[in-house]
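Here is the naming used below: chain letters follow the sequence lines, and residue numbers restart at 1 for every chain. These numbers were taken from a predicted model, which means no experiment stands behind them.
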Amino acid sequence: MADDSDVETPSECSMDNPNGSSYELAYQDDGPSCRKRMKLKDDKLCGVCGDKALGYNFNAITCESCKAFFRRNALKDKKVKCLFQGDCAIDVRTRRFCPYCRLKKCFDIGMKSDMILDDKERKARMEKVAENRIKRQVTQQHTIVKDEPIDPDFEASAVGSSNIYSPPTPSMEGPSSSDIPCSKSEYITFDKINVPVDSSDLPSDETMYRQLSENEQTLVTEVGIAYQTTVGSMHNSSAALQEDNYHSVNDLINHSEVAVRRLIKFVKRLEDFRRLSQEDQISSLKGAVLSTLLLRSASFYIVERDSWLTTKGEVSTVILKKATGFVELHDSHIKYCRALKTIMKNDFSLFGLALIIVIFNPDGPNVKDHQLLSDIQDKYLVLLKHYLESVFSFTYAKEYLVAITQKLNELKGISDGHAKVLLQVNPLEIEPLMLEVLNLK
DNA sequence: CTAGCCTTGACG
DNA sequence: CGTCAAGGCTAG
């Protein structure tokens, strides 16, 4: 501390020391002819090297580089010593010659290493940032429900609409009763539920089908499109799923980040979602993340070949088993996909409705307005029922409804299974957005 | 590694 | 709304 005159603590100078000199200097510098010099930038000098400084960093006025240098080095115990006498002069030119003396000078002028955020604080900070990001994404969109469709993200429109359906079944709206070439039997059965698998098994009598009201019809369609263009579309990163890009659960989680973004996009399109308070929006979103991923995986599941459909073709599900090593969980996951996909086929409206019902879960973690959530959920349950009646006839709708709701209930169990796995993951290796959204703090 | 530039949350 | 002071990112 050769000269204590130039270094003051932030508190000291901020309150009682106007220190007008800086202004004078600023003006003197540019003179009367000052071109709108940005601010009255006073020329502070770095206490370490004399370079230009913007303000305090870790309790001393320093330049950006010494700030970064200090942040990088102050906490690690060094074995490196000065090659000379330990009193090297440090200026903007020589500052990088001797890290030891530079760091020593940092401490000498009063920089405090305890102002560097530790792992815990840093993590907390990142979480806050991530949370705000989500909040912003969800909130910011005064735009109306459906005038942002232009684009979602071009891959969605490029890949999503057309070829997604190609392999197993081509169909999407309306009578999704398309047909999996499967089947020798007219009915598929699981868990005591019998539903016809082939459209030819459905009643031919028109009056056996519900006529959706106009509102219902548009809502169903919108939901289908919303799902298709967001969660239900494939994205390039699923190409990353190819080879053995998935070595660990971590990779799996991090690669799922795109899917989370899609989920946000999806809910942003729902006007009902906006009826929720901001907290409940976040809560219900978080609560639905894992389920979304599962639903999504089911929609890309190809029953006939036990594989996933990706932008790069099909990938056998065994690669996931290998990646995670959680065989048991994996098996139940696949079993789930099989069952769900068999019922829902490639009907985006169905997947969309299912997702909505999962999202508006009055029983979800941390939700405040259970009532509202429940009301909205009911609305979509009814819509789902009606939709099923319009597609599968009154005769079979009930079976489908039971089957689907049952599957949605199972979703919880499987999600929880995955959640347990997630708890074993090292938070430091996970992207902040996923950390936040999965509650892995 | 460095160092410059950028994004953020807290604070007044 | 502007300033301050953290961390992050990334050419070089």
Side-chain angles (χ1 to χ4, degrees), chain A residues 6-23 25-26 36-83 88-107 109-140 254 257 261 264 278-279 282 426-437 441:
Chain A
D6 57 340
V7 179
E8 299 164 300
T9 73
S11 51
E12 277 174 305
C13 75
S14 60
M15 287 316 276
D16 51 34
N17 184 5
N19 204 352
S21 59
S22 52
Y23 279 26
L25 283 174
K36 49 173 169 97
R37 192 88 196 112
M38 55 185 303
K39 306 272 172 59
L40 296 170
K41 225 22 184 186
D42 35 359
D43 27 20
K44 303 188 182 77
L45 295 183
C46 173
V48 178
C49 69
D51 201 353
K52 211 157 170 332
L54 292 178
Y56 281 85
N57 290 303
F58 309 107
N59 199 51
I61 294 179
T62 73
C63 62
E64 278 286 294
S65 62
C66 287
K67 162 192 165 189
F69 172 83
F70 188 75
R71 189 175 55 227
R72 284 194 304 268
N73 299 286
L75 289 180
K76 53 186 176 192
D77 35 25
K78 40 161 54 14
K79 15 179 76 205
V80 201
K81 278 234 138 195
C82 174
L83 295 173
C88 303
I90 305 293
D91 64 32
V92 59
R93 209 82 238 174
T94 64
R95 65 191 179 197
R96 75 167 76 86
F97 296 167
C98 181
Y100 176 86
C101 289
R102 188 184 188 182
L103 185 58
K104 180 174 181 299
K105 190 162 181 191
C106 285
F107 283 116
I109 69 165
M111 294 181 80
K112 291 183 173 9
S113 57
D114 60 354
M115 291 179 71
I116 300 172
L117 274 42
D118 61 34
D119 277 2
K120 187 141 185 149
E121 298 168 307
R122 196 159 33 95
K123 199 164 72 96
R125 188 178 188 271
M126 294 299 290
E127 275 163 16
K128 191 159 291 176
V129 170
E131 169 126 28
N132 284 338
R133 278 230 176 92
I134 296 175
K135 210 173 282 182
R136 228 171 276 140
Q137 283 185 69
V138 172
T139 310
Q140 134 218 131
N254 288 331
E257 192 170 330
R261 297 229 157 79
I264 293 174
Q278 197 165 100
E279 297 132 296
I282 304 292
N426 178 0
L428 293 178
E429 295 173 28
I430 303 299
E431 305 283 333
L433 174 61
M434 295 305 287
L435 265 187
E436 173 60 37
V437 96
K441 327 188 182 189

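Take A:Lys104 and apply the salt bridge (charged side-chain N to carboxylate O under 4.0 Å, His left out) test, not counting sequence neighbours, and it matches A:Asp108. Residues passing the ring pair (Phe, Tyr, Trp, His ring centres under 6.0 Å) test with A:Tyr100, sequence neighbours excluded: none. The salt bridge (charged side-chain N to carboxylate O under 4.0 Å, His left out) check on A:Glu279 picks up A:Lys368, with sequence neighbours excluded. Applying the ring pair (Phe, Tyr, Trp, His ring centres under 6.0 Å) test to A:Phe70 and every residue at least two apart in sequence or in another chain returns A:Phe58, A:Phe107.
As a whole-Å value, the separation of A:Asp51 CG from B:dG4 P is 6 Å. In this entry the distance linking CE of A:Met111 with C1' of C:dA5 reads 11 Å, nearest Å. Rounded to a whole Å, the OH atom of A:Tyr56 is 19 Å from the P atom of B:dC11. Rounded to whole Å, the distance from CZ on A:Phe70 to C1' on B:dT2 is 17 Å. Distance A:Lys112 NZ to C:dA5 C1': 15 Å, rounded to the nearest Å. Between the CZ atom of A:Phe69 and the P atom of B:dG4 there is a distance of 14 Å, rounded to whole Å. Going from atom CE of A:Met115 over to atom P of B:dA10 covers 16 Å, rounded to whole Å.
Of the charged side-chain nitrogens involved, at least one lies within less than 4.0 Å of a carboxylate oxygen, so that A:Lys123 and A:Glu127 count as a salt-bridged pair. Ion pair A:Glu64/A:Lys67 flagged as a salt bridge, since at least one NZ, NE, NH1 or NH2 atom sits closer than 4.0 Å to an Asp/Glu carboxylate oxygen.
Under a 3.5 Å cut-off, the side chain of A:Asn59 and the backbone N or O of A:Gly110 do form a donor-acceptor pair. Distance alone, capped at 3.5 Å, places no donor-acceptor pair between the A:Lys44 side chain and the A:Ala53 backbone.
Between A:Val129 and A:Lys76, the residue anchored closer to the 5' end of DNA chain B is A:Lys76, taking for each the nucleotide with the nearest heavy atom.
In this structure, A:Arg133 reaches the B:dT8 phosphate: one of its side-chain N or O atoms is under 4.0 Å from OP1 or OP2. Side-chain N/O atoms of A:Lys128 include one lying less than 4.0 angstrom from OP1 or OP2 on B:dA10. For the pair A:Asn132 and B:dT8, the criterion of a side-chain N or O lying under 4.0 Å from OP1 or OP2 is not met.
Near DNA chain B, defined here as any heavy-atom distance below 4.0 Å, the residues from residues 95-103 of chain A are A:Arg95, A:Arg96, A:Arg102, listed numerically.
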Restricting both atoms to N or O, compile the protein contacts to nucleotides 8-12 of chain C shorter than 3.5 Å, with distance only.
residue, atom, partner, partner atom, Å
C:dG8, N7, A:Arg71, NH2, 3.4

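A distance of 13.0 Å separates SG in A:Cys66 from CD1 in A:Ile61, rounded to the nearest 0.5 Å.
Checking C:dA5, B:dT2, B:dG4 against every side-chain atom of A:Asn57, the shortest atom distance belongs to C:dA5.
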